[in-house]
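Everything numeric here is computed off the predicted structure, so don't read it as measured data.
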Amino acid sequence: MAKSPKISASHEPGGLIVHISGLLPSLSPAEQRVARLVVSDPAAAARRTITDLATAAETSEATVIRFCRSVGMDGYPQLRIRLAAEAARRIEPPDARVVGGDIPPGADLAQIIATIAFNDARAVEETAEQLDPAVCEQVVEAINGAGRIDIYGAGASGFVASDFQQKLHRIGRIAFYFPDVHTALTSAALLGRGDVAIGISHTGTTSDVIEVLEQARTRGAVTVALTNFPRSPITEVADFVLTTAARETTYRSGATASRLAQLTVVDCLFVGVAARNRSKARKALEATAEAVQSHRVGANRRRA
């Protein structure tokens with residue numbers, strides 16, 4: 001099976017702002033200040049001269065030019081054009097108080113609900129927009145042909161890994177999830193060619209997940225990384241990289257919008273695998289649903 005190339009810095013299927021957000025951790029501190037200004041208000045950034053943007057970011061014009069090149073632009077004029085186009089196509093929230101995605105001090109519950117709902121929906125939509133169907137297809141093919149599938153994740157990403165394992169198990173795929181890193185490492189050490197190992201980490205810097213995925217790779221398994229940042233360390237031990245497009249704000253670090261974005265990708269892969277084995281998957285889902293039916297309130301009364 002041919003392996004796909006990793007995502008390049010210039011690949012922007014989900015839009016420039018999603019692309020810049022994904023590269024932010026790999027930028028220098030000064031470039032990050034420029035990036036945050038651009039991401040927070042692309043329309044305002046597009047109107048600024050290079051001097052104005054450098055001043056607002058408390059940096060130099062040379063740093064702004066370096067930032068442009070770091071995100072795949074030839075220079076500042078191209079960045080301004082791309083930002084103006086991005087601003088024109090962006091869908092703004094119906095409530096003006098939601099703009100920016102953060103929850104300010106003193107926000108009432110109505111504003112909190114509107115902000116969370118908008119940002120969660122945007123995370124799912126932008127994740128879907130920037131997913132590469134060709135890479136997804138290759139990952140589905142690998143999972144479909146795997147003798148065994150190991151899925152790794154820690155913290156909030158661990159819940160997503162567990163969810164994926166349960167989904168695959170319900171359609172008859174041999175899949176495992178181990179929340180303990182020692183158990184995960186011993187499992188990864190027993191993988192081989194024809195097996196698949198999937199590591200899930202929002203930041204792409206979780207050492208436990210990286211270590212286990214690397215172990216699986218040394219054993220010959222196909223490795224897949226699911227992360228929000230395409231230049232993060234986990235991508236260095238992955239044959240295939242799938243990315244999410246979640247932007248965390250106050251009270252929403254790592255465990256909220258990112259989890260929904262990860263679940264979106266997981267569901268795409270799961271349905272892709274199930275669709276390739278439609279009859280078998282349907283029978284497996286029916287059998288597993290029947291197995292737990294008696295544990296649902298009112299199930300016996302409905303059958304009577």
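- In this structure, a donor-acceptor pair under 3.5 Å is present between the side chains of Q215 and R219.
- Remark: K167 engages D267 in a salt bridge, criterion side-chain N to carboxylate O under 4.0 Å.
- Hydrophobic cluster membership is shared by F270 and V222, with clusters built from Ile, Leu, Val, Met, Phe, Trp and Tyr side chains linked at under 4.5 angstrom.
- Clustering ILVMFWY residues whenever any of their side-chain heavy atoms sit less than 4.5 angstrom apart, transitively, puts L263 in the very cluster that holds V265.
- Proximity of a side-chain donor or acceptor of E126 to a complementary backbone N or O of A123 within less than 3.5 Å is not detected.
- In terms of heavy-atom proximity, I200 sits nearest to I151 at CD1-CG2, 4.1 Å.
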Trace of the side-chain contact (heavy atoms from CB on, under 4.5 Å) decision for Y76 with L79: CA-CA 5 Å; Y76 191 62; L79 178 67; 4.0 Å; yes
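- Residues satisfying the ring pair (Phe, Tyr, Trp, His ring centres under 6.0 Å) test with F159, not counting sequence neighbours, are none.
- Screening L242, V139, T243, V241 for a side chain to side chain contact (heavy atoms under 4.5 Å, CB included) with L226, the sole residue that qualifies is L242.
- Proximity of a side-chain donor or acceptor of Q32 to a complementary backbone N or O of L24 within less than 3.5 Å is detected.
- Contact of the P230 side chain with the L23 side chain is registered, since non-hydrogen atoms from C-beta on lie closer than 4.5 Å.
- A donor atom on one side chain and an acceptor atom on the other are not found under 3.5 Å apart for T63 and E31.
- Between atom CD1 of residue I198 and atom CG of residue L168 there is a gap of 7.0 Å, rounded to the nearest 0.5 Å.
- R173 places no side-chain N or O within donor-acceptor distance of the main-chain N or O of V273, the cut-off being under 3.5 Å.
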Criterion side-chain contact (heavy atoms from CB on, under 4.5 Å) on F67 and V38, from CA distance to verdict: CA-CA 11 Å; F67 163 76; V38 168; 4.2 Å; yes
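- Checked by atom type and distance alone, the side chain of T223 pairs as donor or acceptor with a backbone atom of V237 at under 3.5 Å.
- Under the 3.5 Å distance criterion, the side-chain polar atoms of R33 are matched with a main-chain donor or acceptor of E58.
- Side-chain contact between T264 and L260 is absent, with no heavy-atom pair separated by less than 4.5 Å.
- For I112, the CD1 atom is densely surrounded, since the number of other residues' heavy atoms within 6.0 Å is greater than 12.
- I81 and I65 fall into different hydrophobic clusters, where Ile, Leu, Val, Met, Phe, Trp and Tyr are joined by side-chain heavy atoms under 4.5 Å apart, directly or via other members.
- To the nearest 0.5 Å, atom OG1 of residue T205 and atom CD1 of residue I210 are 6.5 Å apart.
- Closest approach of A221 and D239 over heavy atoms only: O-OD2, 3.8 Å.
- Side-chain contact check for S60 and R66: no donor-acceptor pair (N or O, by modelled atom type) lies under 3.5 Å.
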Worked verdict on S232 versus T235 for side-chain contact (heavy atoms from CB on, under 4.5 Å): CA-CA 6 Å; S232 58; T235 66; 3.9 Å; yes
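- No continuous path of hydrophobic side-chain contacts links F229 to V266 [ILVMFWY only; heavy atoms under 4.5 Å].
- Just one of L16, I17, I20 meets the side chain to side chain contact (heavy atoms under 4.5 Å, CB included) condition when paired with P42; it is I17.
- When all heavy atoms of A46 and L83 are compared, the closest pair comes out as CB-CB, 3.8 Å.
- Rounded to the nearest 0.5 Å, atoms CZ (R80) and CZ (R47) are 10.0 Å apart.
- Annotation for A238 and A225: closest pair CB-CB, 3.5 Å, computed over non-hydrogen atoms.
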L269/V224 under side-chain contact (heavy atoms from CB on, under 4.5 Å): CA gap, chis, key distance, verdict: CA-CA 12 Å; L269 297 178; V224 181; 5.7 Å; no
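- Side-chain contact between E214 and P233 is absent, with no heavy atoms from C-beta onward closer than 4.5 Å.
- Between L131 and C136, the closest side-chain pair of non-hydrogen atoms falls below 4.5 Å.
- What you find for L213 and A197 is that their closest heavy atoms are CD1-O, 3.6 Å.
- Note: the hydrophobic cluster containing Y152 does not contain Y177 (ILVMFWY, side chain heavy atoms under 4.5 Å, direct or indirect links).
- Between A245 and V18 the shortest heavy-atom distance is CB-CG1, 3.5 Å.
- Side-chain N or O atoms of T227 include one that pairs as donor or acceptor with a backbone N or O of H202 at under 3.5 Å.
- R276 CZ to I171 CD1: the interatomic distance, rounded to the nearest 0.5 Å, is 12.0 Å.
- Atom OG1 of T244 sits about 6.0 Å away from atom CD of Q262, to the nearest 0.5 Å.
- Proximity of a side-chain donor or acceptor of T55 to a complementary backbone N or O of T51 within less than 3.5 Å is detected.
- A distance-only check finds a donor-acceptor pair linking the side chain of T288 to the backbone of A284 [under 3.5 Å].
- Between the side chain of T183 and the backbone N or O of P179, no donor-acceptor pair lies under 3.5 Å.
- In this structure, R231 CZ and S70 OG are separated by 6.5 Å, a value rounded to the nearest 0.5 Å.
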